[in-house]
Amino acid sequence: MIKQLHIPLGSQHAALLEPLRLDFSTENERIVSVRSDMGYVHRGVEHACMNRFDFKKVPFVVARVCGLCAITHSTAAVLATEQIVECMVSERAQWLRMLALEFDRIHSHMLCLAHVAESSGYEALFMHTMMERERVMEAQEILSGNRVQFDYATLGGVTRDMDSQCAQALLAKVGALKSVLSGLRDRFEANWSTQMRFKGVGAITLEEAYRLGTVGPIARAAGVRTDIRIESSHLPYRALGFEPIVALEGDLYARNRLRLEEIAQSIELIERILEGLPEGAHLSKVRGRPKGEAMARIEAPRGELFYYVRGNGGAIFERLRIRTPTYANLKAFEAIFLGQEYSSIPAILASLDPCMSCTAK
Amino acid sequence: MFKALIEALLNLFKKPDTLTPKEAAARAPVSGSRGAIGYSEEACIFCLKCEKACPPAAILFIRDAAGKESYHHNPYLCIYCGECVRACPKPDEALWQEERPVLSSSDPAISKRWFAMEKEAVASKVRYKKAKR
Amino acid sequence: MIENLTLFLILGPALLALVVYGAPRRLYGPLVVLSSALLFSAALLAWLLHAQSVAIALPAWTHAAIVLLDFALIGYFLWVGVRQNHRLIVLLALLQGALLGWVLYALSAAPLAEIVVDKLGATLWLLVTGVGGLIAWYAVGYMRHESDSPRRQQAFVAILIAFLGVMNALFVADSIELFFLLFELTTLSSFILIGWRRDAASRLSSLQALWMNQLGGVLLLLGMGVIIWQGAPLFFSALLESQSGWALGAAAFLIAGALIKGAQMPFDRWLLGAMVAPTPVSAILHSSTMVKIAPFMVLKLGVLLHGTPLAVAVAYFGGFVFVAGAFVALARNHLKEILAYSTISLLGLMVMLSAVATPLALSAALTLILFHGVAKAMLFMEAGVLEKLHHAKSVDEMGGMLSRAPMSVFLVLLGFASITLPPFGALVGKWVAIEASAQSAFLFLFVALGSVVIALLYFKVAGYMLGKPGSQMGLTIERIPRVFSVTTLLLGVTLALSAILIAPTLVYLIVPAIEPFAPGSEIAHKGLTLMLPSGDLPFWQIVGAWLLLLLLPLAGLKRMRRVDRVREYSGGERIEMQPVTFYFPTPRWIVRAMAIIGAIFFGLIVLLGGVLWVA
Amino acid sequence: MGGVVGWLLILLAPLIGGVLYGMERKLKARMQRRAGPPLMQPFYDFFKLIDKRPMVVHSLHGYLGILHFLGMWLALAVLLSGGDLLMVIFMHLLANSFLIVAAFSVRSVYSQLGGMRQLLAILAYEPIFLLAGVGFYFLSGSFEAKAVFELSSAPLWAMWGIVIAIIIVMPAKLKKSPFDMAEAHQEIIGGAEIEYSGLFYEALYTARWLEYLFAYAFIVLFGGANWLLGLALAAVVFLLVTLVDNATTRLNWQQTVAITLGLSLPLGAINLLLIGIQ
Amino acid sequence: MRRTEITPDRLLGEVRAFYDPTRWRFLTVNATDTGAELLIDWIFVPIGRDEEPVILSSCVAYQAPLPSLAALIPASALGEAEMCDLLGVAFEGAKPGLFLEPDAPRAPLLKTPRERDDD
Amino acid sequence: MRLERFRKKSPWILHYNAGSCNGCDIEILACLAPRYDVERLGILNRGNPKQADILLVTGPVTHRSRDRLVELYTQMAEPKVVVAVGSCTCSGGIFRHMYHVGDGVDQFIPVDSYVAGCAARPEQIIEGVARALEILEHKSHEIERPFQLRGPLYCSGEQTIRRQMAAKVSDETN
Ligand code: NFV
Ligand code: SF4
Ligand code: SF4
Ligand code: SF4
């Protein structure tokens with residue numbers, strides 16, 4: 001009897017936001033092997049940054065690597081570049097960058113959660129999460145003038161300052177979000193159907209998580225205590241009293257909970273940032289051209305984002321290299337998929353929160 | 001599940017979160033929202049800083065034989081980053097960013113015309129340089 | 001007249017078989033057709049003429065002949081056992097011999113007719129000669145594709161024809177002694193035909209079939225022993241008249257023996273093994289006629305059981321097999337195996353209904369016996385066509401058969417539909433079954449569950465056949481040898497016609513046959529409308545469903561104009577997707593558990609027999 | 001029901017079903033704090049679909065969709081005309097079988113998975129409906145829907161277990177969360193429906209309206225002669241099913257079959273046993 | 001950025017010597033076209049600590065074959081494939097095609113992009 | 001009855017990401033969420049080209065996704081409209097002239113409505129869809145072809161074989 005049936009998923013598929021092709025070999029819907037093609041979104045951003053755009057434009061260009069974590073890309077690019085050009089970045093600008101990053105994390109996590117809900121067939125929860133997410137989107141617009149692509153971090157600081165009125169508005173938005181967070185968690189957890197659907201599904205063990213070099217929420221949900229916010233000192237996260245959140249089970253359920261907790265944590269961080277925001281100029285002049293090489297790592301919503309830049313004194317980088325968190329996690333995806341039911345795949349996939357446009361650049 | 005059930009039931013009696021068409025129309029963009037790029041030829045000093053600063057090259061200046069620059073902007077190429085405005089020596093007068101977003105268009109020629117314009121912009125500068133020499 | 005027809009129907013096949021066997025190669029095909037036609041006309045005539053039961057006493061010398069034949073058979077089995085070095089067969093043969101000897105020793109002659117032709121028998125003749133005759137005809141074509149010598153092919157067909165006589169006799173035998181002989185003859189033909197291909201698998205399967213059926217024979221002999229022990233005459237009619245406990249005991253043994261012949265779990269293996277034989281074997285012996293001995297026996301003795309724990313045990317056993325068989329079939333992959341298991345399963349249902357023994361239930365049982373016979377024969381024949389012409393045995397190989405063999409697939413679908421969908425006979429049988437079993441406790445739960453699983457099974461297989469049509473699916477009828485198309489189409493037409501005429505069919509065909517056993521059936525018809533005491537099936541529903549099912553094949557032939565053709569959605573990729581199906585691996589322990597439960601039920605029946613006898 | 005009313009209902013079935021479906025969409029939206037589509041949205045969709053350029057994978061596939069619709073209507077007609085309840089269920093199976101065969105007849109994994117899962121869904125709900133039929137028989141002595149409508153005491157009270165069982169399997173029948181694996185938009189994008197478009201999808205779309213009507217009309221039976229009670233019950237079930245749809249994730253087929261059969265079959269059986277004892 | 005110079009054939013040994021997946025994460029392999037040759041960096045970062053990353057690097061000729069870390073560190077395969085695709089680095093077992101379509105330029109990130117093999 | 005009227009009232013959407021940065025995609029998702037609830041306008045996200053009337057494309061069309069885009073487009077039944085959401089979709093945006101992109105969807109398929117923005121805001125998307133719907137109302141049932149289709153459509157009798165239509169493009173581009 002032919003026991004293996006191939007179920008292709010993608011490149012266009014209702015459960016996918018991005019083109020990605022997975023080819024599952026299944027036995028009765030149970031995955032036995034998977035092949036993937038994740039190169040659909042390759043546009044050649046690295047090449048363009050090394051050939052067409054001068055280094056000052058690069059933060060805006062790399063932001064378009066991905067709309068979900070645009071700010072992390074531009075921040076990382078900026079942090080790396082600032083090491084090899086002459087410029088002084090004020091403490092305030094650094095704090096504002098953190099602020100934008102935390103907002104981005106919230107909106108990305110909420111989108112991921114909404115997508116998990118949608119992919120598991122829980123439309124109402126998707127709607128609910130998206131509804132609450134609107135608050136963050138509005139906050140982001142207040143902060144940066146745009147809902148998705150902030151274009152906030154730039155060489156020498158951030159593109160716009162924040163007044164106290166704005167801070168108040170932001171506080172109100174996150175405050176409102178905070179108050180609904182526990183209800184949201186209830187809906188994800190206190191429900192027999194979500195428990196049946198999520199518990200023990202799409203799990204990765206701690207050992208595997210280490211072996212496959214996972215990063216971000218996937219690693220943390222499996223018990224790896226890794227968070228670039230404490231592992232690098234590019235941004236003054238230590239001043240905020242930061243401690244990463246870790247879960248143990250490594251399954252879909254744990255990842256959901258972890259994301260919800262990280263949202264709460266980010267809200268707290270935002271409140272602390274707004275409270276203790278140092279005074280200073282938000283933007284300072286950049287002089288000279290990049291010469292030498294530098295790297296920067298920051299914690300994107302999906303984990304460690306790495307930028308490497310190298311300049312030779314010209315206006316255009318000699319090399320720019322992006323390694324995104326999804327890229328690091330891809331190997332783990334396969335391990336997670338194996339042995340799962342095809343019916344859980346969309347939910348698992350959503351909870352792994354893959355970002356192909358980050359990966360393929 | 002029961003909490004969710006009750007909540008769904010209660011939601012029936014809550015006002016939907018959806019903006020009514022009227023609300024949506026009345027809702028001004030958030031203050032500081034980054035929308036259309038406005039330009040005033042009178043105030044412009046044709047320093048071309050904006051053209052240089054624009055990442056996707058959505059601003060093109062085409063130079064006629066007399067050396068007169070004309071400003072062209074493609075809102076369907078623009079990424080609304082605001083770099084041009086930041087680069088402009090006369091922000092708010094020559095170049096500014098509005099809060100209202102750009103509306104959609106059905107003109108099938110937008111793209112084609114811009115391809116021609118990109119060529120023309122380069123050519124015009126070369127031509128002008130040659131003529132000046 | 002009936003007497004003559006009976007004799008012709010019983011002895012004629014043997015004669016015709018000889019003729020067919022001896023006929024020159026060129027003539028043998030037409031001769032088979034002629035024999036089938038002759039036999040069927042005789043059966044039809046008998047059925048038409050039949051007014052009341054006709055008893056036919058055989059001349060005294062036949063008794064001696066029967067005894068002789070009995071021992072010859074047992075001797076043959078013994079020889080087979082010794083030669084094949086199969087201890088169990090030897091043992092069983094010896095046991096049979098001893099038991100038979102004892103029975104014969106104690107037997108006293110009774111002034112009863114050995115053969116009683118009742119309406120049930122006459123109706124079953126229609127099935128045997130109609131379906132069986134077509135299968136024999138079909139076998140002529142089928143065997144051409146075998147590697148056998150022409151002579152051997154002719155022998156094969158001849159055996160099939162001769163076998164029809166055995167079955168004909170079996171359904172009207174009143175003498176249990178005679179019945180035993182016929183039973184053993186079917187065992188013999190099973191053995192010979194399953195082993196026909198003479199390879200290792202055939203040998204094993206045939207031996208398995210032999211010992212299991214021998215066991216059935218032993219149980220029959222035990223039943224006979226009980227009767228003899230009580231000094232009662234060895235006749236069904238006499239048995240039915242006695243009201244005492246021992247009669248029940250005897251019936252239990254007889255039924256148990258017949259259940260083995262019906263391959264009820266845990267004795268399902270032998271029928272499965274029959275797969276290795278040429279397909280006509282499966283069609284005639286193992287689906288449409290021979291295995292029907294099981295429900296037939298229960299049906300015949302049903303009245304006797306009525307209201308006893310034995311009836312309950314048999315009914316639940318049948319119900320259980322109905323569900324279990326369907327479940328096991330789900331995991332199977334060879335079309336023939338699937339068909340075999342669904343046969344076992346449905347036989348379970350028939351057994352169950354026969355044991356319930358209300359007029360309605362008996363009608364349902366007989367309806368199922370008849371229509372299942374027709375449908376299964378057709379399905380097996382189509383399986384044979386697919387195997388021989390398209391070299392597809394397992395369901396996997398049938399992916400997308402539709403584009404290659406639309407006609408075969410269509411007939412297979414028709415066969416499936418006729419068992420699962422209204423307004424076909426078998427489904428109506430099931431419908432009646434539920435209405436009938438609803439009166440007796442929870443049997444209908446089995447029916448409900450079993451029919452859903454069977455539907456699942458059939459659609460799964462059907463789906464697979466439709467799975468991978470060519471890119472531009474226009475249905476062109478494939479060329480298949482006329483023998484195949486004519487025989488199967490005849491069955492198909494029978495199914496289709498009987499579906500729309502289901503109400504009259506039930507009233508004129510089934511009810512009279514059941515009447516003598518359970519008088520007072522409440523099935524009636526008005527035009528095409530079928531009326532049961534608990535609900536009607538109005539004509540418009542029958543016609544509506546019929547039209548829908550008939551529109552379907554018509555639709556398949558008519559290409560749509562002015563409609564674009566588009567490729568299947570594949571996520572934007574240009575890949576060809578392959579057909580898929582679930583398989584439902586029944587874990588080994590479940591299969592084993594089912595066999596064990598079956599064995600327990602079976603043991604219970606035998607035990608009940610023993611207890612009732614002693615009591 | 002029977003009689004003129006019944007036949008009128010049968011004729012108007014797609015209309016009523018459409019409104020029912022529209023109501024469901026609206027209700028669902030409101031439960032999600034959305035404004036939702038207009039009530040008549042299904043009909044807008046209906047007219048739009050007529051207007052599309054026709055397109056099929058192959059002819060048979062297209063025809064099968066239409067047959068599915070006709071079959072569904074026939075099943076509904078059998079029910080509304082007061083026909084035999086078992087036949088109602090078998091006719092419904094007939095209608096579904098067209099869809100399943102259609103699902104398998106195209107070379108699309110999603111469609112075929114959908115067909116397979118549809119079969120499993122049938123496995124999940126069909127026995128319960130048969131059970132209900134028998135339950136009605138116990139009470140009214142007949143399998144006919146007509147007879148049920150003459151029962152003076154509502155079957156609801158005697159058949160509580162079966163009512164609950166039916167409510168449990170209802171989502172499987174209507175392809176609603178948590179038992180909507182047959183449709184599973186995010187996995188197999190509608191399953192059996194996926195290859196249909198335009199006019200042919202229309203057939204499926206309207207068949208779904210009929211399916212709604214069918215399911216809820218079956219519930220109305222539980223009111224017996226007191227059809228107002230039946231309607232009220234149907235309304236409650238309607239609300240409940242929509243609520244549950246909005247409060248659960250989708251389960252996979254193993255879970256679905258296990259839960260529906262494991263929960264509702266014993267429940268129904270016990271209930272029947274009790275009725276039988278009385 | 002502190003680099004440890006190694007030769008490609010010593011790579012596996014070096015990595016084995018210190019790599020403990022619970023303490024170090026393989027970040028990525030990076031290649032830079034310096035104009036004359038390729039600068040290959042294997043970057044490892046500590047997990048949970050703010051310490052200097054370990055960078056093993058090696059300058060190699062454009063087409064020089066390089067060993068793969070995939071057997072030791074599964075996650076490295078992807079980076080190697082990408083470098084192979086975009087810069088034409090000849091990692092063992094890596095094939096182009098991860099990102100690039102057949103009609104795209106070969107090894108586009110090289111300073112002088114390669115001609116397409118087929119034309 | 002004028003059936004065209006109803007096209008506007010029940011536009012079903014197919015969303016395809018042809019290599020965008022996700023920014024516009026999540027805004028499309030936000031359109032489905034309660035705040036903007038496009039289902040109020042009868043819009044459903046079908047995720048299936050065969051049942052869709054509107055193709056919402058995002059992204060500048062990367063080389064690897066162009067075949068898929070065209071394939072999906074051909075699988076949609078006429079009348080249909082295409083909405084290019086986001087600057088990069090209209091003209092390539094920031095990705096214009098990168099080596100692996102096609103500088104906008106209208107290089108491949110006809111676009112009916114261009115939505116500016118990076119990322120396009122939900123209001124903008126809805127407005128763009130509304131504009132496309134105006135066009136949809138006046139479209140005929142004639143086959144619309146992707147631009148890169150050269151050579152005649154394959155027709156047999158009165159039926160058009162859309163399979164070949166898509167295959168042509170593939171032959172051209174690969
Ligand atoms: N992978 C990824 Fe990103 C994130 N978070 C990256 O830096 O989303 Ni598109
Ligand atoms: S906003 Fe940005 S993209 Fe638009 S014209 Fe200005 S600089 Fe160019
Ligand atoms: S930067 Fe301002 S002043 Fe200079 S050319 Fe541009 S618009 Fe004119
Ligand atoms: S327009 Fe901008 S935000 Fe939208 S997809 Fe393109 S790059 Fe991303």
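As the structure is a computational prediction, the values presented were derived from the model and not from experiment. Each chain gets a letter, A, B and so on, in the order its sequence line appears, and its residues count up from 1.
Between the side chains of His92(D) and Glu126(D), no donor-acceptor pair of N or O atoms lies under 3.5 Å. Residues Tyr458(C) and Ser342(C) bring a donor and an acceptor atom of their side chains to less than 3.5 Å of each other.
Residues of residues 262-269 of chain D lying within less than 4.5 angstrom of chain C, judged on heavy atoms, are Leu265(D), Ala269(D) in numerical order.
Applying the ring pair (Phe, Tyr, Trp, His ring centres under 6.0 Å) test to residues at least two apart or on different chains, the pairs with a partner in residues 529-555 of chain C are Trp540(C)-Trp7(D).
Using a 4.5 Å cut-off between heavy atoms, Tyr196(D) does not touch chain C at all. Heavy atoms closer than 4.5 Å to chain C are found nowhere in Leu199(D), neither backbone nor side chain. Heavy-atom distances place the side chain of Phe98(D), and not its backbone, under 4.5 Å from chain C.
Ala326(C) and Ile454(C) get closest at one heavy-atom pair: CB-CG1, 3.8 Å. Taking every heavy atom of both residues into account, Pro127(D) and Leu449(C) meet most closely at CG-CD1, 3.9 Å. Taking all atoms of both residues into account, the shortest heavy-atom contact from Leu79(D) to Ala217(D) is CD2-CB, 3.8 Å.
Between Phe416(C) and Phe459(C), the ring centre distance reaches or exceeds 6.0 Å.
For the pair Tyr110(D) (side chain) and Ile194(D) (backbone), a donor-acceptor distance under 3.5 Å is absent.
The candidate from Leu130(D), Leu94(D), Ile89(D) with the greatest count of non-hydrogen atom pairs under 4.5 Å with chain C is Leu94(D). Of the listed residues (Gly83(D), Gly62(D), Ala77(D), Gly115(D)), the greatest number of heavy-atom pairs within a distance under 4.5 Å of chain C belongs to Ala77(D).
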